[in-house]
Amino acid sequence: MSAQPGQWRVSTIEGEFEADLETLKQWIAEGCVLPTDKVSKGNLNWIEAGRAPMLRAAFSGEIARETPPMEVAPEPILSASEPVCTVEEAPVMPAQPAASAANPAACCNHPDVPTKYICRICAATFCDECPRFVGTSKIPLCPLCGDLCKLYASVQTKVASQEFQSSGFGMEDFVRALSYPLQHKGALLVGAALYAFLLLGGFRGRIVASVIMFGCMSHVISQVAWGRLSRSFMPDFSSFSVMDDVAVPLGLGIGVTIVTWGPMIVLFIALVFGVISGAGVVASSAAPVQDEQSQNLETLSTLTDPNADPKKLEEANQKLNKLRPGYQISQEAEKSKNQLSDPSADLKLLAGYLKAGAVILLLMLVALGWGIFYYPMALAVAGYTQSFASVINPLVGLDTIRRMGGTYFKAFGMILLVQVVGFVVALIVSVITSPFALPFIGNLPATFIDGSLTFYFNLVVACVLGLSLFKCADRLGIEVD
């Protein structure tokens, strides 16, 4: 918004407005503009209204609270029964008019006219003609108490949103999440078809499909968590940005994968490297063999040396005896005899293998349970923070679970039900379309149908998470609309 050099701009909690200096001083005198509100003269920088030199006198009370001169139109001749919108010169705090209390949807002065404005202090309702406008401004003032008036429709919307937010999280929200994607049928058909088509494009197509899917899910979570249930689940691609529309969803998706299935991946890599290290131990056993060969050469040189030390010669003979086949056979026989005489040796070996397997199985189950339980929260954190650092930090998600309490476990149960239903539906589709499966290509119809249904189910999951966050917005510090 650009202002003329003689005009002032003022930014309050009600919005941004323009006025001349006298009108602005009148607003200050009536308490409509606070010292902490921002003002700007012409196109100058914004400053706090209390710091503007030309407005200090108005805030100090040196300027009387009087209405600036206004053009007065001739008063029409009214009948005695016709209601009149009264305008008080000094602010008064009367009780709410009876007409407004009885029917807030009608003007307190004109019961047959619908309400357009409502006073934020005395809650009186007015039509389009009743509020008082100072000078050339468009800010409606209450004719009863002189305070600012708000649009009745926006107030009603905010009240309904607050009542919905405080109603608790339950099955009604689950039904609402199921119907949420169906509110935008065109976007649902286009998004599901695009997602399913990309799944047929191999590895690269699946990567792009995952980016689009996660972008839609994070968009739904953030919008619903802010209370914007009427917004479409498709992001706004009119101002396409590689960073916002590709890099950020891809990074958040990678972060969700790391924090949920990372322990399982690390455990699998550890097992693989454990097998490789075992092969390395076998390979490294060649080194002692080479050392033994060098010792045998040294022993042989000692035995063939006529001037060798008798002590060294005796040690060389002992080593030579150990190398004879008969000695080695006798040692192996003695070892086998000891093993046969001790039956617990095999049991100990078997117990060692079972113990190692039990530990690995336990770790696998813990990692799998963590991935299943934390996956919804990882999606929720990614949706309402849009921060990769917050997503990969499990402490953020665990703290969010603590703040949400039982609401998260309700949402988790709903999401688990949706995923089970999605799995069963995908299995049924695969069985029905099995005759269309082709060698080296697969079941293309099943892949397309399953992709379309997966798109819908993921939107339901995102809406459930968004609603759970919205119902806990006061505990999570989320500023809803």
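One-based numbering along the sequence shown.
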Test side-chain contact (heavy atoms from CB on, under 4.5 Å) on Leu467 and Phe174; report intermediate values, then the result. CA-CA 9 Å; Leu467 286 171; Phe174 183 60; over 6 Å; no
For Ile47 and Lys41, what are the C-alpha separation, side-chain angles and deciding distance, and is it a side-chain contact (heavy atoms from CB on, under 4.5 Å)?
CA-CA 10 Å; Ile47 62 172; Lys41 183 179 180 182; over 6 Å; no
**Item:** side-chain contact (heavy atoms from CB on, under 4.5 Å) evaluation trace for Trp27 with Val10
**Value:** CA-CA 10 Å; Trp27 290 350; Val10 57; 3.7 Å; yes
Practice problem: Kindly indicate, with the supporting measurements, whether the criterion side-chain contact (heavy atoms from CB on, under 4.5 Å) is fulfilled by Cys149 and Ile118. | Solution: CA-CA 5 Å; Cys149 293; Ile118 182 171; over 6 Å; no
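With 3.5 Å as the limit, one finds a donor-acceptor pair spanning the side chains of Tyr384 and Thr400.
Using a 4.5 Å cut-off on side-chain heavy atoms (C-beta onward), Cys107 and Pro114 make no contact. Looking at heavy atoms from C-beta onward, Tyr180 lies out of side-chain contact with Val460 at the 4.5 angstrom threshold. Met213 places a side-chain heavy atom less than 4.5 Å from the side chain of Leu459. Two residues are said to be in side-chain contact when any heavy atoms from C-beta on lie closer than 4.5 Å; Pro131 and Cys142 fail this criterion. You'll find the side chain of Met404 stays beyond 4.5 Å of the side chain of Lys471, heavy atoms only. Between Leu178 and Tyr456 the shortest side-chain heavy-atom distance falls below 4.5 Å. For the pair Cys472 and Arg475, the minimum side-chain heavy-atom distance is below 4.5 Å. With a 4.5 Å cut-off on side-chain heavy atoms, Arg9 and Val39 do not count as touching.
Interatomic distance, CE of Met364 versus CE of Met264, reported as 6.0 Å (0.5 Å rounding). Separation of atoms CG (Leu194) and CZ (Phe455) is listed at 8.0 Å; rounding is to 0.5 Å. Note: Phe388 CZ to Leu250 CG = 10.0 Å, rounded to the nearest 0.5 Å. The structure places CD1 of Ile415 at 13.0 Å from CD1 of Ile372, a figure rounded to the nearest 0.5 Å. Atom NE2 in His219 sits 9.0 Å away from atom CZ in Arg228 (nearest 0.5 Å). Remark: Leu55 CG to Ile28 CD1 distance equals 4.5 Å, nearest 0.5 Å.
With respect to Val391, the side-chain contact (heavy atoms from CB on, under 4.5 Å) criterion is satisfied by exactly one of Leu252, Thr257, Val396: Leu252.
For Asn393 (side chain) and Ala389 (main-chain N/O), no donor-acceptor pair under 3.5 Å exists by modelled atom type. When atom types are taken as modelled, the side chain of Thr260 and the backbone of Gly371 share no donor-acceptor pair closer than 3.5 angstrom. Judged by distance alone, with hydrogens and angles left aside, the side-chain atoms of Lys185 form a donor-acceptor pair with the main-chain N or O of Leu182 at under 3.5 Å. With hydrogens and angles disregarded, a donor-acceptor distance shorter than 3.5 Å links the side chain of Thr125 to the backbone of Ala106. Put simply, the side chain of Ser154 never gets that close to the backbone of Lys150: no donor and acceptor are under 3.5 Å apart. Under a 3.5 Å cut-off, the side chain of Ser430 and the backbone N or O of Leu427 do not form any donor-acceptor pair. Remark: side-chain polar atoms of Asp37 are paired, donor with acceptor, to backbone N or O of Leu34 under 3.5 angstrom. No donor-acceptor pair under 3.5 Å is formed between the side chain of Arg403 and the backbone N or O of Leu476.
In terms of heavy-atom proximity, Ala378 sits nearest to Val259 at CB-CG1, 3.8 Å. Here the closest non-hydrogen pair linking Gln386 and Ser218 is NE2-CB, 3.7 Å. The two residues Val33 and Ala49 have their closest heavy-atom pair at CG1-CB, 4.3 Å. When all heavy atoms are compared, the tightest approach of Ala382 to Phe214 is CB-CZ, 3.9 Å. The minimum heavy-atom distance between Leu469 and Ala225, with the atom names listed, is CB-CB, 3.9 Å. A pairwise comparison of heavy atoms in Val113 and Cys127 identifies CG1-CB, 3.5 Å as the closest pair.
Counting non-hydrogen atoms of neighbouring residues, nucleotides and ligands closer than 6.0 angstrom, the CZ atom of Arg402 exceeds 12 such neighbours. At most 12 non-hydrogen atoms from other residues, nucleotides or ligands lie less than 6.0 angstrom from CZ of Phe197. With a 6.0 Å radius and a threshold of 12 heavy atoms from other residues, nucleotides or ligands, Glu172 has its CD atom at or below the threshold.
The six-membered or imidazole ring of Phe164 lies near that of Phe470, with a centre-to-centre distance under 6.0 Å. Between Phe373 and Tyr408, a ring centre-to-centre spacing shorter than 6.0 Å is recorded.
Ring planes of Tyr374 and Trp370: parallel class, angle under 30° (limits at 30 and 60°).
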Quiz: residues 436-453 side-chain donor-acceptor pairs under 3.5 angstrom, not counting sequence neighbours:
| residue | atom | partner | partner atom | Å |
| --- | --- | --- | --- | --- |
| Asn443 | OD1 | Ala446 | N | 3.2 |
| Asn443 | ND2 | Thr433 | O | 2.8 |
| Asn443 | ND2 | Thr433 | OG1 | 3.1 |
| Thr447 | OG1 | Asn443 | O | 2.9 |
| Ser452 | OG | Phe448 | O | 3.0 |

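Residues forming a side chain to side chain contact (heavy atoms under 4.5 Å, CB included) with Lys410 (at least two apart in sequence, or on another chain): Phe169.
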